[in-house]
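Notes to accompany the following structure.
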Amino acid sequence: MAGRAPFLPDKIFRYIVEHVVREAPVLAELRQATRKVRHSGMQIGADQGNLMALLVKLMRAKRCLEIGTYTGYSALAVALALPEDGSVVCCDISEEFTSVGKPFWKKAGVEKKIDLRIGPALRTLDEMLAKDKGRFDFAFIDADKPSYWSYYERCLELLRPGGLIAVDNVLWSGEVADPKANDQQTIALRVFNERVNKDERVDTAMLTIGDGVTLALKR
């Protein structure tokens, strides 16, 4: 099951989805469509999308940022939670995957809220830093793991004080806690987690939802 929390028994995860998560029909349709796409396991679960939407509403966010869009489920979840004048800038390198989500963005009536920018995310973020420092409320990072710290640093500059960064896959199916796991991605996440924990610019919490989500609130 895409987005399934690997740390929970299947029956508990299903109970959460069936009794707590409120998933808009268009989100469920996109989730089903993504199951037919390559690397469908990269899609976040409905419970995580629900959390992100709630965070955006709690913050009364208007300007959001996403690094790594895949088929657009998280972008759609956030866009649906935004007010009419809200927007989310989505950075991704794949036309193939993002094109899957576009019809669902349109069907949901939020396509004008989603500003998709195809190209290397670091380049896009550097371009934004020239004019958008401190203007964003919320950022979601879910892309290549070795670049996480670079994405995090740029997002922190783009966020206003009191803005929130959510970072996906920080537990990496538990591999970060396994000393025998020393592949590039696991090492990168391990280093990232340690650096965020020591970062005095933010207040943090790590959640076991999905594959692990770190929340970092800019002071």
Please tell me if the side chains of [X] and [Y] come closer than 4.5 Å, counting only heavy atoms from C-beta onward.
{"X": "Ile118", "Y": "Ile93", "result": "no"}
{"X": "Ser74", "Y": "Met52", "result": "yes"}
{"X": "Asp142", "Y": "Tyr148", "result": "yes"}
{"X": "Val202", "Y": "Tyr152", "result": "yes"}
{"X": "Arg38", "Y": "Glu96", "result": "yes"}
{"X": "Val196", "Y": "Asn193", "result": "no"}
{"X": "Pro83", "Y": "Lys62", "result": "yes"}
{"X": "Ile67", "Y": "Cys155", "result": "yes"}

Audit row: Glu127, Thr124, side-chain hydrogen bond (donor to acceptor under 3.5 Å, both in side chains) steps and yes/no
CA-CA 5 Å; Glu127 291 171 354; Thr124 301; 5.0 Å; no
Are [X] and [Y] ion-paired here, with the side-chain N under 4.0 Å from a carboxylate O?
{"X": "Arg201", "Y": "Glu153", "value": "yes"}
{"X": "Arg160", "Y": "Asp137", "value": "yes"}
{"X": "Lys106", "Y": "Glu111", "value": "no"}
{"X": "Arg135", "Y": "Asp132", "value": "yes"}
{"X": "Arg14", "Y": "Asp10", "value": "yes"}
{"X": "Arg219", "Y": "Glu200", "value": "yes"}
{"X": "Lys180", "Y": "Asp183", "value": "no"}

If you compare all heavy atoms of [X] against all heavy atoms of [Y], which two are closest, and at what distance to 0.1 Å?
{"X": "Ala121", "Y": "Cys91", "value": "CB-CB, 3.9 Å"}
{"X": "Cys64", "Y": "Val56", "value": "SG-CG2, 4.3 Å"}
{"X": "Gly101", "Y": "Leu30", "value": "CA-CD1, 4.0 Å"}
{"X": "Val88", "Y": "Ala79", "value": "CG1-CB, 4.5 Å"}
{"X": "Gln48", "Y": "Asp168", "value": "NE2-OD1, 3.1 Å"}
{"X": "Val26", "Y": "Ala108", "value": "CG1-CB, 3.9 Å"}

Is it possible for you to say whether [X] and [Y] belong to one hydrophobic cluster, with membership spreading through side-chain heavy-atom contacts below 4.5 Å?
{"X": "Ile187", "Y": "Val176", "result": "no"}
{"X": "Val191", "Y": "Leu171", "result": "no"}
{"X": "Leu129", "Y": "Phe136", "result": "yes"}
{"X": "Val20", "Y": "Ile12", "result": "yes"}

Counting distance only, does the side-chain N/O of [X] pair as donor-acceptor with the main-chain N or O of [Y] below 3.5 Å?
{"X": "Lys133", "Y": "Leu158", "result": "no"}
{"X": "Arg123", "Y": "Gly119", "result": "no"}
{"X": "Lys145", "Y": "Ala143", "result": "yes"}
{"X": "Asn169", "Y": "Trp172", "result": "no"}
{"X": "Tyr70", "Y": "Ser40", "result": "yes"}
{"X": "Thr98", "Y": "Ser94", "result": "yes"}

Please round to the nearest 0.5 Å and tell me the distance separating atom [atom1] of [X] and atom [atom2] of [Y].
{"X": "Lys11", "Y": "Ile16", "atom1": "NZ", "atom2": "CD1", "result": "12.5 Å"}
{"X": "Leu189", "Y": "Gln184", "atom1": "CG", "atom2": "CD", "result": "10.5 Å"}
{"X": "Asp178", "Y": "Ser173", "atom1": "CG", "atom2": "OG", "result": "11.5 Å"}
{"X": "Ile114", "Y": "Thr69", "atom1": "CD1", "atom2": "OG1", "result": "8.5 Å"}
{"X": "Leu122", "Y": "Arg154", "atom1": "CG", "atom2": "CZ", "result": "5.0 Å"}
{"X": "Lys57", "Y": "Arg60", "atom1": "NZ", "atom2": "CZ", "result": "12.5 Å"}

Check your understanding: For Leu217, does the CG atom have more than 12 heavy-atom neighbours from other residues, nucleotides or ligands under 6.0 Å away?
Key -> yes
**Whether over 12 other heavy atoms sit under 6.0 Å from Gln32 CD** = yes
Check your understanding: Hey, mind stepping through Phe138 and Arg63 against side-chain contact (heavy atoms from CB on, under 4.5 Å) and telling me if it holds?
Key -> CA-CA 7 Å; Phe138 177 83; Arg63 300 198 70 190; over 6 Å; no
Point to revise | Worked check of side-chain contact (heavy atoms from CB on, under 4.5 Å) between Glu23 and Val17 | key: CA-CA 9 Å; Glu23 186 179 40; Val17 171; over 6 Å; no
*Any chance the side chains of Thr71 and Thr34 put a donor and an acceptor closer than 3.5 Å?*
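Looking only at side-chain atoms, Thr34 and Thr71 do form a donor-acceptor pair, the distance falling under 3.5 Å.
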Short side-chain donor-acceptor distance under 3.5 Å, Gln185 and Asp144
no
Step by step, would you call Asp115 with Lys112 a salt bridge (Lys or Arg N to Asp or Glu O under 4.0 Å)?
-> CA-CA 7 Å; Asp115 179 3; Lys112 292 183 179 179; over 6 Å; no
Margin query: Could you walk me through whether Phe140 and Ile165 satisfy the side-chain contact (heavy atoms from CB on, under 4.5 Å) test, starting with their C-alpha distance in whole Å, then the side-chain angles of each, then the deciding distance to 0.1 Å, before giving a yes or no?
Written below: CA-CA 6 Å; Phe140 178 51; Ile165 301 176; over 6 Å; no
One pair to check against side-chain contact (heavy atoms from CB on, under 4.5 Å): Asp47 and Phe13. What are the steps and the verdict?
CA-CA 9 Å; Asp47 56 337; Phe13 178 71; 3.5 Å; yes
